[in-house]
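Heads up: the structure comes next, in structure tokens.
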Amino acid sequence: MRFLSNVLATILGLIIFLGLLFVLLIGVGAAMGSSDTVSVKDNSVIVLDLSKVKYDYAGKFNYKEFSFKDQPLTGLSNVIQALNNAQDDDRISGVSLVNQTSSLGVVQLRELRQALQDFKASGKFVMAYADVYSQKDFYLNSVADSVFLNPIGMIDFKGLSVEILYLKDLQDKTGIKMEVLRHGKYKSAVEPYLENTMSAENRLQTTEFLESIWSTMSKDIAASRGISVEQVNDIATNLYGRTADLALEHDLIDKIAYQDEFEASLKQLLSVEADKNYNKISVLDYVKAPKKVKEKLAADQIAVIFAQGQILSGEGNVSYIGELSINRALKKARENNKVKAVVLRVNSPGGSALTSELIWREVELTRQEKPVIVSMGDLAASGGYYIASSADYIFADPATITGSIGVFGMLPNVSSLSEKYGVNPQIVQTHKNAADYSVFAPLSEDYREFMTQSIEQTYSTFVQRVANGRNMSIEQVDQIAQGRVWTGEEALKNGLIDAYGSLDTAISYAAEKTEIENYRVVAYPEYELNFEDLVNNFFGASIFKSQEKLIIQKIGQENYNLLERLNYFSSLKGSQTILPYELNIQ
């Protein structure tokens, strides 16, 4: 026993030591990282590597228990600002995109395209090369002055599509069922659990928003490549990007070349000898580089609050919206006399109705003190629209997915499976509804009625919020609600937004509205994290990725996606204001 206790004591001591060492290393790393400076050489090219850029906002993190803060500068907003700064930086001669891949959405790519167009307008070059272009990556790269493609490369250019898995037969066969309650004939998030095939309403809205997004993309590509929209559509229909020769013949690219030949072309543009190296700097390093001419910080501020990801509850993070961090940011901006206006950047498919209401309330309180302008990203749908609806002015991109004003609730039920395998639940209760709901018993009509009333009340509140915010009647909102998804192009016509515009457009509008000329932009929120969050951030993600890869190897990607979808809906609590389905536009 003494030997065992000594072993356990040694293990415990080792764990404590490693924990303290870990915290010490994190603190030293944070301190060293903050002092890093990046030098920019003359005649440099910015390499636009977006592989590590996923969100509009990379976040500010306050690890309260260790008294240090972390601010990784890898958000898209930082990249765009860096490109804007590079226009006037005489050390920067151009931008190159080499085998560039990203997970950014169409609207994010459109804002990045605009930044590259502005960069080109300053008299500097943008050059692109790839061995293979995905459709979204070609959309971005098409803005370049010259587009290069490997001789045996291709462009996956074919138009847009989505695939939705319908699960009713799976439920019938397994005995695992989702009890569904909803308001909105277009609220199709739950449709795959009710039907075997897509409804006419869902097919209509899906077709319309795909066509609207494609129309925006094809117009942009046509303008950049100097061809007609009809030619763009003909190329997609006949897959004329499938070889380098076809891509060149149909004006998708400017030159067929290997990467070393592309690099040689860059050297010529830079007037660098063929046997010499040219100066290059990653855009993520350039973000951290000090400006050549330091500007005096303006006193006035515009607060940009980033609400990105699914709306859940709690603190929130860069990948999901929680009411604690968002509301804390709104309150801080509202009470700061230096902040003259608030821009709420929404990039969310929605989520918890309760959390959406809590954030809506804080937006409303802020709006009573100073202007609140909304900038919509790729998604500002359902709960994402809920939190935006009371703003003074709403900007969106034509390709933004928004609307989806509807509500649903889902309850997992395994009563058929339980009966099949002899599981017989027995409930003892003091009152009629004390037991609430059991997944092992069929949903009672009383409980269904209670849940339906809750759904209807949430929908009525949602519609009322929109009606008040948009100066519309209840009837007018209901006509464009019912869970219907709209693109920004359609939302402008039906009054859900006020104008087209990017995040920069919204910031400029906020400055005009408050009549300020010299100002600085301050990004929020700051996420408050603890030791557990710190450990999860460093180790949890890698562990999860390893488990995910192992499961995919065993059951395949499609089956894994199906399993994830089932688990996701099983975990939902309360009424949901969320986009009709998980959008993965191909």
Next on the checklist: side chain to side chain contact (heavy atoms under 4.5 Å, CB included), that's the test. Do Leu140 and Leu50 meet it? Break it down for me.
Outcome noted: CA-CA 11 Å; Leu140 174 63; Leu50 302 173; 3.8 Å; yes
Item to check | Note, Gln114 side chain near Ile80 side chain (heavy atom, < 4.5 Å) | outcome: no
Checklist entry - Would you find more than 12 non-hydrogen atoms of other residues, nucleotides or ligands less than 6.0 Å from Lys54 atom NZ? => result no
Next on the checklist: Can you confirm whether more than 12 heavy atoms, excluding those of Asn277, are under 6.0 Å from its CG atom?
Outcome noted: no
Next on the checklist: I'd like to know if the side chain of Lys52 and the backbone of Leu284 have a donor-acceptor N/O pair within less than 3.5 Å.
Outcome noted: no
Checklist entry - Any side-chain donor-acceptor pair under 3.5 Å between Ser142 and Arg113? => result yes
Next on the checklist: Can you tell me how far apart CD1 (Ile221) and CD (Gln231) are? Round to the nearest 0.5 Å.
Outcome noted: 13.0 Å
Checklist entry - Thinking salt bridges, do Glu490 and Arg484 make one under a 4.0 Å N-O criterion? => result no
Next on the checklist: Check Glu111 with Arg345, please: is the shortest side-chain N to carboxylate O separation under 4.0 Å?
Outcome noted: yes
Next on the checklist: side chain to side chain contact (heavy atoms under 4.5 Å, CB included), that's the test. Do Val272 and Asn43 meet it? Break it down for me.
Outcome noted: CA-CA 9 Å; Val272 173; Asn43 202 25; 4.1 Å; yes
Item to check | Thr505 and Ser508 side chains, donor-acceptor separation under 3.5 Å | outcome: no
Checklist entry - About how many Å separate CG of Leu149 and CG of Leu248, when rounded to the nearest 0.5 Å? => result 9.0 Å
Item to check | Test item: Leu160 and Met217 side chains (from C-beta on) under 4.5 Å apart, heavy atoms | outcome: yes
Next on the checklist: Just to verify, what does Arg225 make a salt bridge (charged side-chain N to carboxylate O under 4.0 Å, His left out) with, not counting sequence neighbours?
Outcome noted: Asp254
Next on the checklist: Could you report the tightest heavy-atom contact between Ser93 and Leu270, atom names first, then the distance?
Outcome noted: CB-CD2, 3.6 Å
Next on the checklist: Between Asp89 and Asn85, is there a side-chain donor-acceptor contact under 3.5 Å, judged purely by atom types and distance?
Outcome noted: no
Next on the checklist: Just to verify, what does Asp498 make a salt bridge (charged side-chain N to carboxylate O under 4.0 Å, His left out) with, not counting sequence neighbours?
Outcome noted: Arg470
Checklist entry - Lys136 side chain to Leu104 main-chain N or O, any donor-acceptor pair under 3.5 Å? => result yes
Next on the checklist: A side-chain contact here means heavy atoms from C-beta on lying under 4.5 Å apart; do Glu489 and Tyr500 qualify?
Outcome noted: yes
Checklist entry - Does Lys60 reach the main-chain N or O of Ala523 with its side chain, forming a donor-acceptor pair under 3.5 Å? => result yes
Checklist outcome for this item: Between the OH atom in Tyr57 and the CD1 atom in Ile305, the distance rounded to the nearest 0.5 Å is 9.5 Å
Checklist entry - What heavy-atom pair brings Leu252 and Gly241 nearest, and what distance separates the two atoms? => result CD1-CA, 4.0 Å
Checklist entry - Can you name the nearest heavy-atom pair linking Val38 to Pro290, along with the distance? => result O-CD, 3.4 Å
Next on the checklist: Quick check against the 3.5 Å criterion: does Ser382 have a side-chain atom that pairs as donor or acceptor with the backbone of Ser404?
Outcome noted: yes
Checklist entry - Would you say the side-chain atoms of Thr101 and Asp137 include a donor-acceptor pair closer than 3.5 Å? => result no
Checklist entry - Taking it one step at a time, do Ser51 and Asp49 satisfy side chain to side chain donor-acceptor pair (under 3.5 Å)? => result CA-CA 6 Å; Ser51 59; Asp49 179 6; 2.9 Å; yes
Checklist entry - Which heavy-atom pair separates Ala399 from Ile213 by the least distance, and what is that distance? => result O-CG1, 3.9 Å
Item to check | Tyr166 versus Ser199, closest heavy-atom pair with distance | outcome: OH-N, 4.3 Å
Next on the checklist: Going by the rule ring pair (Phe, Tyr, Trp, His ring centres under 6.0 Å), which residues pair with Phe262 if we only count those two or more places apart in sequence or in a different chain?
Outcome noted: Tyr129, Phe148
Item to check | Aromatic ring pairing Tyr509/Phe395, orientation class (parallel under 30°, perpendicular over 60°, tilted between) | outcome: perpendicular
Checklist entry - Is a side-chain N or O of Asn196 found less than 3.5 angstrom from the main chain of Asp169, in a donor-acceptor match? => result yes
Next on the checklist: Quick one: does any side-chain atom of Asp145 pair with a main-chain N or O of Met127 as donor and acceptor, under 3.5 Å?
Outcome noted: no
Item to check | Worked check of side chain to side chain contact (heavy atoms under 4.5 Å, CB included) between Asn84 and Asp504 | outcome: CA-CA 11 Å; Asn84 291 340; Asp504 284 346; 3.6 Å; yes
Next on the checklist: A quick test of your reading: do over 12 heavy atoms of other residues, nucleotides or ligands sit less than 6.0 Å from OH of Tyr258?
Outcome noted: no
Checklist entry - How long is the gap from CD on Glu273 to NZ on Lys267, to the nearest 0.5 Å? => result 10.0 Å
Item to check | Ile311 versus Gly384, closest heavy-atom pair with distance | outcome: CD1-N, 3.8 Å
Checklist entry - Within a strict 4.5 Å, meaning less than it, do heavy atoms of the Arg110 and Pro398 side chains meet? => result yes
Item to check | Backbone N/O of Gly351 and side chain of Gln310: donor-acceptor pair under 3.5 Å | outcome: no
Next on the checklist: Keeping Asp131 on the side-chain end and Asn99 on the backbone end, is there a donor-acceptor pair under 3.5 Å?
Outcome noted: no
Next on the checklist: Please confirm whether the ring centroid of Phe157 lies under 6.0 Å from the ring centroid of Trp214.
Outcome noted: yes
Checklist entry - Could you give the distance from OG1 (Thr74) to NZ (Lys288), rounded to the nearest 0.5 Å? => result 9.5 Å
Checklist entry - Asn347 side chain to Leu379 main-chain N or O, any donor-acceptor pair under 3.5 Å? => result yes
Checklist entry - Taking atom types as modelled and ignoring hydrogens, do the side chains of Ser319 and Asn317 form a donor-acceptor contact shorter than 3.5 angstrom? => result no
Checklist entry - If you round to the nearest 0.5 Å, how far is CG of Leu246 from CG of Asn238? => result 10.0 Å
Checklist entry - Ignoring hydrogens and geometry, is there a side-chain-to-backbone donor-acceptor pair from Thr216 to Ser212 under 3.5 Å? => result yes
Item to check | Intermediate values then yes/no, side chain to side chain contact (heavy atoms under 4.5 Å, CB included), Ser77 and Phe306 | outcome: CA-CA 10 Å; Ser77 59; Phe306 292 88; 3.9 Å; yes
